[in-house]
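Bear in mind the structure is a predicted one, so any value in this text is a computation, not a measurement.
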Amino acid sequence: EVQLVESGGGLVQSGGSLRPSCAAGSGFTFGAYSIGWSRQAPGAGREGIACIMSGISMPHYTDSVKGRFTMARDYEKAIVTLQMDSLKPEDTAVYYCAADANCFLGNLDQYDYDIPFWGNGTLVTVSS
């Protein structure tokens with residue numbers, strides 16, 4: 001059963017914008033989890049870049065995207081979005097949403113912990 005589904009990736013020129021979204025599947029208790037966005041560039045590990053804790057709306061960001069990306073969470077619609085502005089070629093990656101009790105930012109390998117719920121990802125390509 002698919003729990004999280006991302007959409008809205010694509011190809012954009014450097015300096016452009018994209019707004020991927022992540023929708024929770026029916027039966028998934030969206031409000032009970034912290035929801036985060038992570039990305040994985042070619043040949044790299046997964047990096048947590050933005051997250052909103054369960055029950056609140058204030059997002060947290062990693063330094064690499066702070067000031068350029070804005071995460072929002074709609075509890076009623078069970079959707080999170082990631083407004084990505086001023087995109088750079090180094091933002092090229094597969095972007096995933098994930099759900100857990102906690103938020104994780106930065107290199108996810110450092111936590112020695114498996115986040116239980118992931119979407120399949122959406123590819124974002126930024127051309128120079």
Side-chain angles (χ1 to χ4, degrees):
E1 180 181 352
V2 176
Q3 307 278 17
L4 299 168
V5 180
E6 302 95 337
S7 62
L11 173 64
V12 65
Q13 289 187 331
S14 181
S17 298
L18 281 172
R19 187 172 179 262
S21 61
C22 170
S26 60
F28 186 76
T29 313
F30 179 81
Y33 295 97
S34 300
I35 306 293
W37 283 97
S38 299
R39 65 185 181 185
Q40 187 165 20
R46 287 193 184 185
E47 176 192 22
I49 58 172
C51 191
I52 297 178
M53 295 287 289
S54 171
I56 66 173
S57 297
M58 186 180 72
H60 300 275
Y61 303 99
T62 192
D63 287 345
S64 60
V65 305
K66 195 175 296 182
R68 299 188 298 124
F69 290 10
T70 303
M71 181 178 179
R73 180 170 183 169
D74 187 325
Y75 286 89
E76 183 175 345
K77 296 180 180 178
I79 290 176
V80 294
T81 58
L82 186 68
Q83 177 67 43
M84 307 192 296
D85 298 318
S86 302
L87 283 163
K88 307 173 183 179
E90 51 263 43
D91 294 317
T92 294
V94 179
Y95 283 71
Y96 300 90
C97 64
D100 189 81
N102 298 299
C103 275
F104 298 90
L105 295 177
N107 179 7
L108 297 184
D109 290 336
Q110 68 178 316
Y111 295 104
D112 191 24
Y113 173 78
D114 292 329
I115 296 171
F117 302 108
W118 290 90
N120 289 328
T122 185
L123 176 62
V124 171
T125 304
V126 184
S127 63
S128 57

What closest approach, in Å, do Phe117 and Leu4 show between heavy atoms, and which atom pair accounts for it? O-CD1, 3.8 Å
Under 3.5 Å, is there a donor-acceptor pair between the side chain of Tyr33 and the main chain of Phe28? no
Gln13 atom CD, neighbour heavy-atom count above 12 within 6.0 Å: no
Measure up the Tyr113 and Phe104 rings against each other and bin them: parallel (under 30°), tilted (30 to 60°), perpendicular (over 60°). parallel
Could you pull out the closest heavy-atom pair between Leu82 and Ala50, with the gap in Å? CD1-CB, 4.2 Å
Euclidean distance, Cys103 SG relative to Met53 CE, rounded to 0.5 Å: 5.5 Å
First locate atom CZ of Arg46, then atom CZ of Arg39, and finally report the distance between them rounded to the nearest 0.5 Å. 13.5 Å
Taking atom types as modelled, is there a side-chain donor on Ser7 or Ser21 under 3.5 Å from an acceptor on the other? yes
Backbone N or O of Gly31 within a donor-acceptor pair of the Ser54 side chain at under 3.5 Å? yes
Closest non-hydrogen atom pair, Leu18 against Leu87: N-CD1, 3.8 Å
Spatial distance of atom CE (Met71) from atom OG (Ser57) [nearest 0.5 Å]: 10.5 Å
According to a 4.5 Å side-chain heavy-atom criterion applied to Ile, Leu, Val, Met, Phe, Trp and Tyr, with indirect links allowed, do Tyr61 and Met84 form part of one hydrophobic cluster? yes
Decide whether Asn102 and Ser34 meet the rule of one side-chain donor and one side-chain acceptor closer than 3.5 Å. no
Is there a donor-acceptor pair under 3.5 Å between the side chain of Gln40 and the backbone N or O of Ala93? no
Would you say Gln83's side chain and Arg19's backbone share a donor-acceptor pair under 3.5 angstrom? no
Can you find a pair of side-chain heavy atoms, one from Phe69 and one from Pro59, that are under 4.5 Å apart? no
Answer yes or no: is there a side-chain heavy-atom contact under 4.5 Å between Ile52 and Val80? no
Could you see if Tyr96 belongs to whatever hydrophobic cluster contains Tyr111? Use Ile, Leu, Val, Met, Phe, Trp, Tyr and a side-chain cutoff under 4.5 Å. yes
Would you say Val12 and Val65 are hydrophobically clustered, going by side-chain heavy atoms of ILVMFWY under 4.5 Å? yes
Just how far is it from atom NZ of Lys66 to atom NE2 of His60, taken to the nearest 0.5 Å? 10.0 Å
Which pair of non-hydrogen atoms, one from Pro20 and one from Trp37, has the smallest distance, and what is that distance? O-CZ2, 3.9 Å
To the nearest 0.5 angstrom, please state how far the CG atom of Leu105 sits from the CD1 atom of Ile49. 9.5 Å
Is there a side-chain contact (heavy atoms from CB on, under 4.5 Å) between Arg68 and Asp91 once you walk through the steps? CA-CA 11 Å; Arg68 299 188 298 124; Asp91 294 317; 2.7 Å; yes
Test log, rule side-chain contact (heavy atoms from CB on, under 4.5 Å), inputs Phe30 and Ile79: CA-CA 8 Å; Phe30 179 81; Ile79 290 176; 5.8 Å; no
Does the Tyr75 side chain pair with the main chain of Gly55, one donor and one acceptor, at a distance under 3.5 Å? yes
Kindly indicate, with the supporting measurements, whether the criterion side-chain contact (heavy atoms from CB on, under 4.5 Å) is fulfilled by Cys22 and Tyr95. CA-CA 10 Å; Cys22 170; Tyr95 283 71; over 6 Å; no
If you take all heavy atoms of Ala99 and Ile35, which pair is closest and at what distance? CB-CD1, 3.6 Å
Nearest 0.5 angstrom please: Glu6 CD to Leu123 CG, how far? 12.0 Å
